[in-house]
Amino acid sequence: MTDEENGRDPHRGPSPGQTPREWFAGLLRAHIDERGGGSYEDLVVATEQAHLRVAKSTLGDAFSGKRTPRPETVQNLVIALHQRQGLPGRPELRDWERDYEHLLDLQSDRRRGTRSAVDARAASEGRTWPRRFGPLPEPAHSFLARPALRVPPGPGRFLLTGAGGVGKTQTAAEHVRACLTAGDLDLVVWVTATTREDIVAGLAEAAAELTGSTGPNAELTAARLERWLAGTRRTWCVVLDDLADDLGHLPLALAQAATFLLDNEMSPAEYRTRLAREGARLADLVPDGALPDGYPLPLSATWALSVRRADELRPSGVAGPVMHVLSLLDGTGVPGELLATPALSALAPHPSEAAARGAVHDAVHNLRRLSLLSVDTTATTTPRAEPESGADPVGALAGKAIRIHSLTQHATRDLLDPPERRASAGSAAQALVEGWRAPQLSARLDRSLRAIAFALAGHAQDELLTPVPHPVLYRMGHSLGDSGQASAALRHFRRLHEVVDARFAPDDEISLDTRGHLAWWQAKAGDPAGAARAYASLYADQDRLYPSDHPSLLQTRQSAAVWQGAAGYPHAAVTELKYLYELRISLGRAADRDTISNRNHLANFLSASGDHAGALALHEAAWRGAEARLGPDHPDVLRARSAAMHHRGELGDVASALAALRDLLEVQQVDDPEGLDTFATRARIADWTGREGDPAQAVALLGPLLVDRLRVIGPEHPHTLGTRMDLARWRTAAGEPSRAATELTELLADEEELLGLDHRALPVTRAALADALEKIRHR
């Protein structure tokens, strides 16, 4: 049947007041009615009989226009209805594919300025299609061209295998470059797949920019890339490079290993176990006597000679220590910035730190000359800048990645005696901590440091735990959680706690401190009640060991109170935090950071409990104290004043609240116009403007704020969702309930998908939607 015969016009689109989802849901309902109708239960049975089960809740969402169905859901339903009628063969699906593509186009058009703001920003910055994510390797010097890849036409998944050194990565990169040049590719995502965390981070980075998905959970963000790819009409290629190998598929290494297996009648599984065993030496895993292919030396001996030769080159004695450190790190990409840290500069014995950094730079290139490592100039971790005249030579490595073959690293580690291993591990760990302290740390550099830290922990766990755990073991876990992988951070600290617990007594300060880190990520991973109990248990143990005024003891008790309040008990939190605040004041610690934190938490929970006068008293005292120390125009004073005036506004003095916020915003707009604090101040100004009686002006203020938050922090950030809620709420108050109802319906669907059906934001959105619909009915 043609589109005209079946009454469907896929290019007609929604009628006035109808959303794209509702339009598409109408097509589905009409199609079902034409084929005998049926309840949700009947349709579920039909899909089960066709062995294409579709859940009842999925059908409900699709038919109501509540959510966009997945393309396979539509396909399975159409096929099931076709079979239920007893029709032969398979139904024609091309019309539905065109309808579905039109749905996606309509949604993209409606969301221009929301989710499509990501594309708008990319275009404004010159990042137009085709787009690339990840470090596509540059052509190798003297690369020997291989036959072109014979990739079957059409979509699919392909595995490129072969020995390391034969050019798998270069061949894949050459294929991708050729497709880009020919205009056959719109998107390339190149991911170094050394660990699961690396894969998640690489996919999440692409998803964040393509979909605007920048939520707190990196794994969910990464998963949305697949859905985006499934729905786009653009051509794309995702490459997972460097998937799990023990010998790096190095031909000579494989030949020597194969000979060893034959000589010793050993299975590959047994060989892999020996190779992975801590302390296993490559020299003990190659055959005795004649080597295959007429090669004169085991690979381990060859590399040992090369390292020794590099160490003899000027600057003498530096290449060896540098190689020792690099052998303990993630060889798929050590950022050049790490070489400039004081910890690694100290590997070169020079009186001047700048001269030491230059010696390290030269040592790296000596190692490169002898093919012990390579420098990848495409793996940018930080924005590149033109080098200044006379600039520090190590700066030439900034934004580049140092790559080392895994067996080269293994052979180098074999050379280390215990003191050298401890020294190298200590230098590497300290360099990572220093790297994380860099100002304006980019997400890519943070991810690279994290991968390196986990590789270091795998190679030198004992060294990092002796005599006490190195701070890098904690910093790497917090980096993992701060990147959006809170559950992974929780698992890391659980493992770390088990290791620490096996080495140190339960009452040791190190064990107690590790429990505190574990409790923190328990809360951040979504269990504030469990975290409150964990902190309370920790406090009970600390209380037996520390004096009653010990800072760690008081801080643990504060954390227990805060997470108890976050779990739904604000009044209990107020009682506990008030006691702690008064105790700290009586101990003469009014200016301590912990006391200030205590006061702010107390004020927040007082406000949550409805006691704005009590919160005002706390914040006003802080404001006056800061003003006496710093003067009236200092940014910290303006923030303290704003906090105090907020509570005055809650008590009826709206003008004071607005005046304080506007003064604060004036400074923030100069210092950090796109900072989260600046955005928060703009949101509060809009809210108080509406509460003062001018909802139309509140809408005018929130519109640009929503665009900025979408552009900077993405559509899934709680602040962005909150701005959408506030904008729709003030639209209703300003006399636009129909538009508000449309926006709230879309917001509710997004919140259900992003936050879960039990999130406390959903009842608020439903109430706002009900209010808008009520106003529509009474117009």
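Since the structure is predicted, the reported quantities are computational estimates derived from the model, not experimental observations.
- What you find for D330 and A451 is that their closest heavy atoms are OD2-CB, 3.6 Å.
- Side-chain contact check for M476 versus W436: some heavy-atom pair is nearer than 4.5 Å.
- Between the side chains of D186 and W236, not a single donor N or O lies within less than 3.5 Å of an accepting N or O.
- Taking CZ from R368 and CD1 from I402, the interatomic distance works out to 10.0 Å, rounded to the nearest 0.5 Å.
- Around atom CH2 of W520, no more than 12 heavy atoms belonging to other residues, nucleotides or ligands sit under 6.0 Å away.
- Here H492 contributes atom NE2 and F454 contributes atom CZ; the two are 5.0 Å apart, rounded to the nearest 0.5 Å.
- Put simply, the side chain of L229 reaches to within 4.5 Å of the side chain of L187, judged on heavy atoms.
- Using a 4.5 Å cut-off on side-chain heavy atoms (C-beta onward), V433 and H470 make contact.
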Q461/L464 under side-chain contact (heavy atoms from CB on, under 4.5 Å): CA gap, chis, key distance, verdict: CA-CA 5 Å; Q461 177 173 283; L464 295 180; 5.9 Å; no
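- Looking at E463, its side chain never comes within 3.5 Å of a backbone N or O of G426 through a donor-acceptor pair.
- In this pair, H517 and Y474 present their aromatic rings tilted. The plane angle is within the 30 to 60° band.
- Between the CD1 atom in I452 and the CG atom in L328 there is a gap of 12.0 Å [rounded to 0.5 Å].
- With a 4.5 Å cut-off on side-chain heavy atoms, L203 and V191 count as touching.
- In terms of heavy atoms, A428 sits closest to L329 at CB-CD2, 3.8 Å.
- With rounding to the nearest 0.5 angstrom, the NE2 atom of H361 is 9.0 Å from the CG atom of L339.
- Using a distance-only test at 3.5 Å, with no hydrogens or angles considered, a donor-acceptor pair links the side chain of Q409 to the main chain of L326.
- Side-chain atoms of S479 do not come within 3.5 Å of backbone N or O of R475 as any donor-acceptor pair.
- The shortest distance between side-chain heavy atoms of D362 and V318 does not fall below 4.5 Å.
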Verdict with supporting geometry, L518 and L490, side-chain contact (heavy atoms from CB on, under 4.5 Å): CA-CA 6 Å; L518 176 58; L490 177 61; 3.6 Å; yes
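- In this structure, T171 OG1 and E174 CD are separated by 8.5 Å, a value rounded to the nearest 0.5 Å.
- Nearest heavy atoms, A343 versus S427: CB-O, 3.7 Å.
- Residues R437 and E434 are not paired through a salt bridge, judged by the lack of any N-O separation under 4.0 Å between the basic side chain and the carboxylate.
- Between the T235 side chain and the D184 main chain, a donor and an acceptor come within less than 3.5 Å of each other.
- No side-chain heavy atom of P130 sits under 4.5 Å from any side-chain heavy atom of L185.
- In this structure, L347 CG and S424 OG are separated by 7.5 Å, a value rounded to the nearest 0.5 Å.
- Side-chain atoms of T341 come within 3.5 Å of backbone atoms of L338 as a donor-acceptor pair (strictly under, hydrogens ignored).
- Using a 4.5 Å cut-off on side-chain heavy atoms (C-beta onward), H478 and W521 make contact.
- Taking every heavy atom of both residues into account, A401 and G333 meet most closely at CB-CA, 4.0 Å.
- Between the side chain of R357 and the main chain of S345, no donor-acceptor pair closer than 3.5 Å is present.
- H459 places no side-chain N or O within donor-acceptor distance of the main-chain N or O of A425, the cut-off being under 3.5 Å.
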Worked verdict on E337 versus L449 for side-chain contact (heavy atoms from CB on, under 4.5 Å): CA-CA 10 Å; E337 291 85 345; L449 294 176; over 6 Å; no
Evaluation steps, side-chain contact (heavy atoms from CB on, under 4.5 Å), between V322 and L344: CA-CA 8 Å; V322 169; L344 294 194; over 6 Å; no
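- Residues V176 and C237 share a closest heavy-atom pair of CG2-SG, 4.3 Å.
- Checked options R132, R447, R131; the residue passing with E205 is R447 (criterion: salt bridge (Lys or Arg N to Asp or Glu O under 4.0 Å)).
- Counting only heavy atoms from C-beta outward, the side chains of L210 and F133 approach each other to under 4.5 Å.
- Contact record, A749 with R21: CB-NH1, 3.2 Å, taken as the closest heavy-atom pair.
- For the pair S327 (side chain) and H324 (backbone), a donor-acceptor distance under 3.5 Å is present.
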